Amino acid sequence: MTDELVGAQVLRTRLTGLALRESTRLDLPASPAPSTVLDIVFGTLRYRVLPTRRPVDSELADELLAVLAPDPGPGPPSGGRVGRV
C-alpha cells in the first residue's frame with residue numbers, strides 16, 4: 001500500500017469520526033451516514049476540480065449543505081402539538 005493511499009485512509013477515518021461527532025452534537029439526521037456524506041463531498045470536489053475545472057466556491061458549499069443537511073424549517077409553535085389532536 002502506498003503512503004498516499006494510507007494517508008487518504010487515515011484522513012477518511014478521522015473525518016468520518018469528526019462527521020459522526022458533529023452530526024450527534026448538531027442533531028443532524030442519521031441518514032446519510034457520515035461516511036456517505038464524505039463520499040458525496042469528496043466525490044463532488046474531485047469531479048469539480050479534475051475533469052470540469054469548475055470553481056470550488058461558496059455556491060457549491062451552499063448547495064452541498066442544502067442537499068446533505070436541509071433546513072427543517074420552523075418547528076411547531078411554542079407549546080404546540082404536532083399531528084392530530
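Bear in mind the structure is a predicted one, so any value in this text is a computation, not a measurement.
In this structure L45 satisfies the side-chain contact (heavy atoms from CB on, under 4.5 Å) test together with V41, F42, V56, L60, sequence neighbours excluded. Qualifying side-chain contact (heavy atoms from CB on, under 4.5 Å) partners for R54, counting only residues two or more places apart in sequence or in other chains: R48, T52. Applying the side-chain contact (heavy atoms from CB on, under 4.5 Å) test to A33 and every residue at least two apart in sequence or in another chain returns S35, T36.
Between atom CD of residue E63 and atom CG of residue D57 there is a gap of 8.0 Å, rounded to the nearest 0.5 Å. Between atom OG1 of residue T44 and atom CG of residue L64 there is a gap of 5.0 Å, rounded to the nearest 0.5 Å.
Taken together through direct or relayed side-chain contacts under 4.5 Å among Ile, Leu, Val, Met, Phe, Trp and Tyr, L65 and Y47 form parts of separate hydrophobic clusters.
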